[in-house]
Amino acid sequence: MSIDNNKRLDLKVLEAFQASMSCGSMTRAAEQLGISQPAVTRMIKELEVAVGFQLFHRNGPRISPTDRGLKFYEEVQRVVAGVRQIGQRAEAIRNERVA
C-alpha cells in the first residue's frame with residue numbers, strides 16, 4: 001500500500017485513522033468500527049509506511065497525533081466526507097430523489 005508505488009490508499013484504512021484520531025485510542029476506534037484492536041493497529045502501521053511518516057506518538061495504550069498526523073487528518077476528513085457524500089448521492093439517484 002505504498003503511495004510511492006502508485007497504489008491507492010484503502011478507504012477502510014483511512015476510516016481507521018479517522019476513528020483513531022477522533023477517539024484518541026485504537027481500542028475505542030476498533031469498538032467504533034466493529035473490528036479488532038490489532039486490526040486497527042495494523043492498518044495504522046500500514047498507513048504510516050504508505051505515507052512515509054509517523055501519524056501518532058505512542059505511549060502504551062495512549063496515542064496522540066504528531067504534527068504531520070494532524071495535517072494529514074485534515075485531508076483525510078475531507079476525502080472521507082466526500083466519499084460518504086458520493087454514497088448519499090448515489091442512493092438519492094437510485095431512489096429517484098434528484099432532479
Colleague: Please set out all donor-acceptor pairs under 3.5 angstrom arising from side-chain atoms of residues 50-61, sequence neighbours excluded.
Modeller:
{"from": "Q54", "atom 1": "NE2", "to": "F56", "atom 2": "O", "distance (Å)": "2.4"}
{"from": "R58", "atom 1": "NH1", "to": "E48", "atom 2": "OE2", "distance (Å)": "3.2"}
{"from": "R58", "atom 1": "NH1", "to": "F56", "atom 2": "O", "distance (Å)": "3.3"}
{"from": "R58", "atom 1": "NH2", "to": "E48", "atom 2": "OE1", "distance (Å)": "3.0"}
{"from": "R58", "atom 1": "NH2", "to": "E48", "atom 2": "OE2", "distance (Å)": "3.3"}

Colleague: Any chance you could measure S36, atom OG, to E31, atom CD, to the nearest 0.5 Å?
Modeller: 11.5 Å
Colleague: For a quick test of reading the model, state the closest non-hydrogen atom pair linking F17 to I44 and the distance between them.
Modeller: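 Scanning both residues completely, I find the closest heavy atoms to be CA-CD1, 3.5 Å.
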Colleague: For the OG atom of S20 and the CG atom of L33, what is their distance to the nearest 0.5 Å?
Modeller: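 Answer rounded to 0.5 Å: 7.5 Å.
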Colleague: Step by step, would you call S22 with Q32 a side-chain contact (heavy atoms from CB on, under 4.5 Å)?
Modeller: CA-CA 10 Å; S22 65; Q32 178 181 320; 4.2 Å; yes
Colleague: From Q85 CD over to Q88 CD, what is the distance, rounded to the nearest 0.5 angstrom?
Modeller: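 Result: 7.0 Å between the selected atoms.
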Colleague: Show the nearest heavy-atom pair for residues I63 and G24, with the distance to one decimal.
Modeller: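 Heavy atoms only, the tightest pair is CG1-O, 3.4 Å.
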Colleague: F72 versus P65: any side-chain heavy-atom pair under 4.5 Å?
Modeller: no
Colleague: Please round to the nearest 0.5 Å and tell me the distance separating atom CZ of R89 and atom CZ of R94.
Modeller: 13.0 Å
Colleague: Within the 3.5 Å criterion, strictly below it, is a donor on Q37 or T41 matched to an acceptor on the partner's side chain?
Modeller: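 Their side chains do contain a donor-acceptor pair, which is all the 3.5 Å distance test asks for.
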Colleague: Apply salt bridge (charged side-chain N to carboxylate O under 4.0 Å, His left out) to residues K12 and E15 and explain how you reach the verdict.
Modeller: CA-CA 5 Å; K12 290 190 181 294; E15 288 174 330; 5.2 Å; no
Colleague: Does a salt bridge link R42 with E46, judged by any charged N lying under 4.0 Å from a carboxylate O?
Modeller: yes
Colleague: Distance from E75 atom CD to L14 atom CG, nearest 0.5 Å?
Modeller: 11.5 Å
Colleague: Check step by step if side-chain contact (heavy atoms from CB on, under 4.5 Å) holds for D10 and M43.
Modeller: CA-CA 10 Å; D10 187 294; M43 285 190 269; over 6 Å; no
Colleague: So which atom in G69 and which in M21 form the shortest heavy-atom distance, rounded to 0.1 Å?
Modeller: O-CE, 4.2 Å
